[in-house]
2 protein chains.
Amino acid sequence: MNRYSIFRHITEKEFEEMKVCLSGEQKHFRKNDIIMRHTDDNSSIGIVNKGIAFLLSISENGETGIIDYYEKGAVFGKLFSPDCDVNLYYIQAAENCEITFFSYDRLMNCCEDECAKHKKVLNNIVMDSLRKSLMHIDILSCRSIRGKLSTYIRYIRQQKDSDEFEIPVSLSDLADYLSVDRSAMMRELRKMKDENLISAKGSRITIIDL
Amino acid sequence: MNRYSIFRHITEKEFEEMKVCLSGEQKHFRKNDIIMRHTDDNSSIGIVNKGIAFLLSISENGETGIIDYYEKGAVFGKLFSPDCDVNLYYIQAAENCEITFFSYDRLMNCCEDECAKHKKVLNNIVMDSLRKSLMHIDILSCRSIRGKLSTYIRYIRQQKDSDEFEIPVSLSDLADYLSVDRSAMMRELRKMKDENLISAKGSRITIIDL
DNA sequence: ATACATTCGTTGCAATTGCAACAGACAATT
DNA sequence: AATTGTCTGTTGCAATTGCAACGAATGTAT
């Protein structure tokens, strides 16, 4: 169990027991399919097995933006998002996806041991959401594109534990996630290459000296 | 219990019972005092009785920013924040404050009824954090100062349920929270007044037509 | 009462950014 | 094989924004 798994702090034995709870329904989605809408009564939970999914928000004035993305192993669901009074939220497939769905009740109430391990998993999921939100705020708080880019890259380095990695989304989508103009971001990316801070080929980044 | 109280969904009877748990230590802080540091072993929780407190972050390169602010009734604590690997976080008094501290254990384990109401309160607190984070992301995602300002103002209108209200922090601190230059924000604020979208005197805002 | 610090409000100027538009690379579909 | 669509990469130009600086107003400490 790596430190970002929702099953961290769960023993092997507990995990084996919980596998029963997780035998949910598997579904496939094609790129751009809508996987889930955050409607009021929605109590289902999705885990990404393959592909990448976006959490998108539509604001009052109709603008959409990428709030978060879910890679393999990540969990999403309205239950782990706050009430969305102002914006509409939904989950969309960034590429072809395989998702396992199960109900909140099933995860929480299927075995006898109601409190201990289920509470841990729930806590892990919620804390993951919080951590990713704070990370996003930290990135968006940077005043310049340079700042946003390098803060993002530093987070990914920490996550992948390597100075060389593939950005999990397209550069167009990254610009959306960073809330900057794509062409302006490309310009800044090139400047950073010119200054020998990073090297980059498409979405493959190597950190030289940030 | 209003909808933003951490005691929402708790009955009057349950609330009376829980008051016992909440008889924590009261402390006063003066403006700019540091109320709490988010160190690893910190398991105490604070509730704001009077004043306003900031959640501040210090990034790797030493820049600080206002991530969140806590008004009367709001709860803060490292336990409700994710692990802070990259940035340092701390709570600071934005003005003179009165804070009640108690331990996580005390809130969760002081009476017999361990699961039901305590779980609800914990859930409320965590969901508040998440909701405020998503709100902040939504605001910071706007590309222009105008967008950030009007999105922020719309959220406050919803919160205060009125078209006329006082912004709870100084305009300087608001600029920090919105991650924009203060003078540029003032300029935009004046433009919005000139265009008759809002009227504003200091931090007292009246929405005319957003 | 006086000195000091903070916030508010404003402006000129330089730098950054967004917008629009275009071409090439690549993949998927027909 | 041709077509369609998406993504990458680039540029000129206009608009926005940040920076630096200043004075006025307000509040706080001595």
Side-chain angles (χ1 to χ4, degrees), chain A residues 29-33 51-52 54 61 63-66 69 92-96 139-151 166-195 198-205, chain B residues 28-33 51-52 54 63-66 69 92-97 139-150 166-195 198-205:
Chain A
F29 295 90
R30 317 187 97 188
K31 184 170 180 169
N32 295 332
D33 283 353
I52 303 233
F54 287 139
N61 44 24
E63 283 167 44
T64 66
I66 299 174
Y69 56 83
Q92 189 175 34
E95 50 190 63
N96 291 350
I139 291 166
L140 296 178
S141 296
C142 298
R143 299 244 211 303
S144 63
I145 294 181
R146 168 75 60 107
K148 290 187 174 84
L149 258 177
S150 50
T151 303
E166 192 94 21
I167 291 175
V169 297
S170 73
L171 293 179
S172 304
D173 289 332
L174 178 60
D176 190 338
Y177 177 77
L178 301 183
S179 281
V180 296
D181 181 73
R182 186 188 63 84
S183 70
M185 188 190 81
M186 298 297 285
R187 188 161 37 202
E188 201 59 40
L189 211 49
R190 196 163 52 74
K191 275 191 205 166
M192 290 171 75
K193 282 195 264 184
D194 290 347
E195 294 174 31
I198 58 169
S199 82
K201 215 172 211 175
S203 58
R204 175 137 216 104
I205 307 279
Chain B
H28 287 263
F29 294 90
R30 320 187 93 188
K31 182 171 180 168
N32 295 331
D33 282 354
I52 304 232
F54 287 139
E63 282 167 44
T64 67
I66 299 174
Y69 56 83
Q92 189 175 34
E95 49 190 63
N96 292 350
C97 280
I139 291 166
L140 295 178
S141 295
C142 298
R143 292 223 204 326
S144 63
I145 293 181
R146 169 75 59 106
K148 290 188 174 85
L149 258 177
S150 50
E166 191 92 24
I167 291 174
V169 297
S170 74
L171 293 179
S172 304
D173 288 332
L174 178 60
D176 190 337
Y177 177 77
L178 301 182
S179 281
V180 296
D181 181 72
R182 185 189 63 85
S183 70
M185 188 190 81
M186 299 296 285
R187 187 161 39 200
E188 202 59 40
L189 211 49
R190 195 162 53 72
K191 275 191 204 165
M192 291 171 75
K193 282 194 264 184
D194 291 347
E195 294 175 32
I198 58 170
S199 82
K201 215 171 209 175
S203 58
R204 175 137 216 104
I205 307 279

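Please read these numbers as outputs of a predicted model, since none were measured by experiment. Chain letters run A, B, ... following the sequence lines, proteins first and then strands; every chain starts at 1.
Using a 4.5 Å heavy-atom cutoff, the side chains of B/Ser199 and B/Arg204 are not in contact. A heavy-atom distance below 4.5 Å is found between the side chains of B/Tyr177 and B/Ile139. At a threshold of 4.5 Å between non-hydrogen side-chain atoms, the residues B/Phe29 and B/Asn96 do not count as touching.
Taking atom CE of A/Met186 as the reference point, atom P of C/dA23 lies 18 Å away to the nearest angstrom. Between A/Asp176 atom CG and C/dT17 atom C1' the separation is 16 Å, expressed in whole Å. Going from atom CD of B/Glu188 over to atom P of C/dT10 covers 13 Å, rounded to whole Å. Across the protein-nucleic acid pair, A/Lys191 atom NZ and D/dG9 atom P stand 17 Å apart, rounded to whole Å. Here the C1' atom of nucleotide C/dA28 and the CD atom of A/Glu95 are 15 Å apart, to the nearest Å. When rounded to the nearest whole Å, the span between CG of A/Asp181 and C1' of D/dA15 equals 13 Å. Rounding to whole angstrom units, CZ of residue A/Arg204 and C1' of D/dT8 are separated by 17 Å. For the pair B/Lys201 NZ and C/dG9 P, the interatomic distance rounds to 10 Å; values are reported in whole Å.
For C/dT11, one of the phosphate oxygens OP1 or OP2 lies less than 4.0 angstrom from a side-chain nitrogen or oxygen of B/Arg190. At least one side-chain nitrogen or oxygen of A/Lys31 sits closer than 4.0 Å to the OP1 or OP2 atom of D/dC7. For A/Ser183, no side-chain nitrogen or oxygen approaches OP1 or OP2 of D/dG9 to under 4.0 Å. The phosphate of D/dT6 has neither OP1 nor OP2 within less than 4.0 Å of any side-chain N or O from A/Ser170.
Taking the nucleotide of DNA chain D with the nearest heavy atom to each of A/Ala200 and A/Arg143, the more 5' of the two is matched to A/Ala200.
For B/Arg182 and D/dG18, a side-chain-to-base donor-acceptor distance below 3.5 Å is absent, hydrogens and geometry of angles not being considered.
Contact annotation for A/Arg187: base contact, defined as any heavy-atom pair under 4.0 Å involving a base atom. Using a 4.0 Å heavy-atom cutoff across all strands shown, A/Ile145 reaches sugar-phosphate atoms only and no base atom.
With A/Gln92 as the partner, the side-chain contact (heavy atoms from CB on, under 4.5 Å) test is satisfied by one option alone out of A/Thr64, A/Ile66, A/Asn32, A/Asp33: A/Asn32.
Once rounded to the nearest 0.5 Å, the distance linking NZ of B/Lys31 with CD1 of B/Ile52 reads 11.5 Å.
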